[in-house]
Structures are given as structure tokens and as C-alpha cells.
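Report on one structure; see the data block that follows.
None of these values were measured; they are calculated from a predicted model. Excluded from the calculations below are hydrogen atoms, water molecules and symmetry mates; all remaining heavy atoms, backbone and side chain alike, are included.
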Amino acid sequence: MTVAQISDILINLAEAFSTWIIMKNSTYSLLVIIAIILSITACTKEGKLNAPAGQIAATYTKLKINQPDLMALSGADSTKVVNWSVSPAGSDSLVTQRNIAKWFFKKAGVYTVSASQPGSAAATIAITVIDSLYVPTPYATPFTAGEQITLTPHYIKSAHSDSTYLSFTATTKNTYCTNSTLDMAVYYDRNAGAYYMQLTQVLHPEDCGTGSSTITKTIDYSSYQASLSDGSYPLYVEFNNQPNVTGSIEITDTQVIFHWDNTSVLITPAVLTR
């Protein structure tokens with residue numbers, strides 16, 4: 001097993017389990033992860049990734065600005081606190097729990113990370129942060145069982161012209177970890193005068209945050225459609241990778257009426273006043 005393979009395995013574990021830990025808030029889970037990390041780091045014989053007892057195991061020793069780096073003090077006494085420090089300080093952010101440390105470095109440079117326990121010598125590891133910004137890949141989560149999306153329509157008059165258009169506020173029934181967003185796509189077919197909406201899944205960053213809440217997102221058609229005009233227009237909504245649900249939007253001089261009959265995706269109110 002190469003160092004590159006070990007690094008990939010470790011960072012994947014770090015990112016996936018970090019999110020899970022935050023959501024579950026389980027100390028036992030952390031101990032399991034520590035064991036996994038330390039057993040995997042034993043697979044390689046190059047550099048600090050080997051991390052024998054008394055040294056620091058790290059997912060990366062070379063990384064980008066703001067890229068998470070998970071570290072563990074190998075062989076640490078679980079009954080004692082682990083003290084972490086970095087030099088130079090001031091351009092880093094640290095989250096710790098027992099002998100696990102999660103670092104973010106906000107500036108390029110070479111850093112020396114130290115870890116120690118009372119009565120034991122400090123262990124150190126050199127971390128190089130290159131001058132390139134880390135862009136995390138969002139994690140995708142399927143909608144949970146029984147999910148129901150409520151679409152609240154809005155009739156909007158432009159503040160800069162006589163044009164009018166529709167927007168929707170999409171809100172989940174179920175709750176998800178904080179910082180989550182709806183993975184969605186919208187489209188307006190000018191030729192057919194048709195509205196399309198795709199609600200696929202939930203996206204969240206590596207660190208979900210504490211707690212959970214419903215997700216709300218605005219679907220704005222102002223940049224897609226011309227000003228509203230009287231007539232009947234198809235509305236297609238794909239939810240949770242299921243076949244399109246079809247309805248229509250009827251626009252009169254005085255009202256916008258939604259003809260819609262579905263229990264997974266609701267549209268309320270069904271009538272707007274122009």
C-alpha cells in the first residue's frame with residue numbers, strides 16, 4: 001500500500017466520519033475512528049504516516065489552504081488530555097476531541113505541530129501548506145424517508161421595469177444537519193412556455209454543524225422567463241429522482257392559479273393575486 005493510497009484512505013475516513021461524529025455526537029465513535037486511523041497508518045513505512053507510539057499520525061503532511069488535516073497522537077493514554085500546539089501560531093484553526101486533532105491552516109507556509117501528554121515528551125510533525133485554496137466537494141445525502149417538499153409560490157413585480165415573474169420557496173418537511181442545502185435545478189422553456197424544477201438530494205459541507213433543521217431555498221425564475229402573460233403553462237417537477245410530476249400554471253389578468261395534485265410535492269397557496 002503506497003503513501004498516496006494511505007493518504008486518500010485517511011482523508012476519506014476523516015471527512016466522512018467527521019461529519020458523522022458531529023451529527024451523532026458519539027465519543028465511542030471517536031475511539032473507533034482512532035483505532036481505524038492508527039491501524040491504517042501502520043500500513044506504510046514512509047515518513048510520519050507510519051506513526052509508531054509516541055508520534056503523530058496525519059492524513060496529510062502537504063496540503064492546501066483551509067484543507068482539513070486530521071491528526072492523532074499514536075499510543076496516547078486515553079485517561080489523559082492531549083495538548084496540541086503549532087508554530088508559527090496565528091494562522092490556524094483547531095478542533096480537538098481526546099487524541100484526535102483537526103487542523104485548518106489559513107496561510108501558506110511550513111508549520112510544526114506538537115502534541116504531548118502530562119509526563120511524556122512532546123511529539124512533532126512538519127506540515128507544509130501550499131499557496132493554493134482548498135475547495136471542498138459537497139457531500140450528497142438522499143432525502144430521508146417520508147420527505148415532503150412544500151413549494152410556496154410568489155408573484156413578483158420587477159423594481160426596475162414593468163415585467164412580472166414567479167418564484168418559489170422550497171422547504172423540506174424533514175430536518176437535516178445544519179449548513180445543508182437543496183441540490184436542485186430549474187429551467188424555463190421559452191418556446192413551450194414550460195416550467196421545470198428538479199429536486200434531487202441534500203448537499204452539505206464536511207462540517208455539518210451542531211443540530212438539525214429544515215432546509216429552505218428560493219427558486220427564482222426572473223432570469224429565465226419573460227414577463228408573465230395570460231395563458232396556461234405546463235409545470236414539471238422531478239422529486240427524489242422519480243418521474244416528473246406534471247401540473248399547470250394558469251395566468252389570468254387577476255390571478256395565478258396552480259393546478260397541482262401531488263402529496264410528495266405540495267404547492268400552497270394554490271392561488272395568487274396579481
Heavy-atom pair with the smallest gap, counting every atom of Ser227 and Ser163: OG-CA, 3.3 Å
Expected output: side-chain Asp77 to main-chain Thr79 donor-acceptor under 3.5 Å: yes
Donor-acceptor contact below 3.5 Å, side chain Lys217 vs main chain Ala170: no
Beyond-backbone contact of Ile267 with Pro153, side-chain heavy atoms, under 4.5 angstrom: yes
Aromatic ring proximity Tyr111/Phe105, centre distance under 6.0 Å: yes
Heavy-atom pair with the smallest gap, counting every atom of Gly146 and Lys173: O-CD, 4.1 Å
For the student: nearest non-hydrogen atoms of Gln201 and Pro142, plus distance: CB-CA, 4.5 Å
Minimum heavy-atom distance between Gln55 and Ala123, given as atom pair plus value: CA-CB, 3.9 Å
Step-by-step side chain to side chain contact (heavy atoms under 4.5 Å, CB included) determination, Val86 to Thr112: CA-CA 6 Å; Val86 63; Thr112 300; over 6 Å; no
Asn244 side-chain N/O to Thr246 backbone N/O, donor-acceptor pair under 3.5 Å: no
Steps toward side chain to side chain contact (heavy atoms under 4.5 Å, CB included) verdict (Thr172, Leu182): CA-CA 9 Å; Thr172 62; Leu182 284 176; 3.8 Å; yes
Candidate pair Thr200 and Met184, rule side chain to side chain contact (heavy atoms under 4.5 Å, CB included), full reasoning: CA-CA 6 Å; Thr200 308; Met184 60 188 302; over 6 Å; no
Joint hydrophobic cluster, Val113 plus Val95, side-chain heavy atoms closer than 4.5 Å: no
Note, Val256 side chain near Val271 side chain (heavy atom, < 4.5 Å): no
Straight-line distance of Thr164 OG1 to Leu228 CG, nearest 0.5 Å: 4.0 Å
Worked verdict on Lys64 versus Leu133 for side chain to side chain contact (heavy atoms under 4.5 Å, CB included): CA-CA 6 Å; Lys64 299 178 180 180; Leu133 186 64; over 6 Å; no
Inter-residue atom distance Ser114.OG - Asn83.CG, 0.5 Å rounding: 11.0 Å
Spatial distance of atom OG1 (Thr171) from atom CD1 (Ile215) [nearest 0.5 Å]: 10.0 Å
Any donor-acceptor pair under 3.5 Å from Thr218 side chain to Asp220 backbone: no
Tyr176 versus Thr214, side-chain donor and acceptor atoms under 3.5 Å: no
Side-chain heavy-atom pair Ile249, Tyr195 within 4.5 angstrom cut-off: yes
Test item: Leu199 and Asp183 side chains (from C-beta on) under 4.5 Å apart, heavy atoms: no
Gap separating the OG1 atom of Thr263 from the CG atom of Asp261, nearest 0.5 angstrom: 8.0 Å
Pair Tyr188 and Tyr196, ring centroids less than 6.0 Å apart: no
Contact check, side chains of Tyr236 and Gln198, non-hydrogen atoms, under 4.5 Å: no
Student check: side-chain heavy atoms of Thr152 and Pro269 closer than 4.5 Å: yes
Donor-acceptor contact below 3.5 Å, side chain Gln117 vs main chain Lys80: yes
Residues in salt bridge (charged side-chain N to carboxylate O under 4.0 Å, His left out) contact with Asp253, at least two apart in sequence or another chain: none
N/O donor-acceptor pair under 3.5 Å between Trp260 side chain and Val265 backbone: yes
Minimum side-chain heavy-atom gap Met197-Leu151 below 4.5 Å: yes
Check: Ser248 side chain, Pro234 main-chain N or O, donor-acceptor pair, under 3.5 Å: no
Polar side-chain atom of Glu147 near backbone of Asn174 as donor-acceptor pair, under 3.5 Å: yes
Val202 backbone acceptor or donor facing His204 side chain under 3.5 Å: no
Residues Asp69 and Thr59: side-chain donor-acceptor under 3.5 angstrom: yes
Aromatic ring proximity, centroids under 6.0 angstrom, Tyr155 and Tyr165: no
Pair Asp230 + Arg274, salt bridge at N-O below 4.0 Å: yes
Nearest heavy-atom neighbours spanning Ile127 and Leu63: CG2-CD2, 3.2 Å
Spatial distance of atom OH (Tyr233) from atom CD1 (Ile251) [nearest 0.5 Å]: 5.0 Å
hydrophobic_cluster_shared for Leu94 and Met71, side chain cutoff 4.5 Å: yes
Minimum side-chain heavy-atom gap Phe239-Phe143 below 4.5 Å: yes
For the student: nearest non-hydrogen atoms of Leu73 and Val82, plus distance: CD2-CG1, 4.0 Å
Under 3.5 Å donor-acceptor, Thr175 side chain and Ser212 backbone: no
Path from Ile65 to Val110 over hydrophobic side-chain contacts below 4.5 Å: no
Verdict with supporting geometry, Tyr134 and Phe104, ring-ring contact (aromatic ring centres under 6.0 Å, His included): CA-CA 10 Å; Tyr134 174 69; Phe104 297 87; 8.7 Å; no
Leu266 CG to Ile149 CD1 distance, which is reported to the nearest 0.5 Å: 9.5 Å
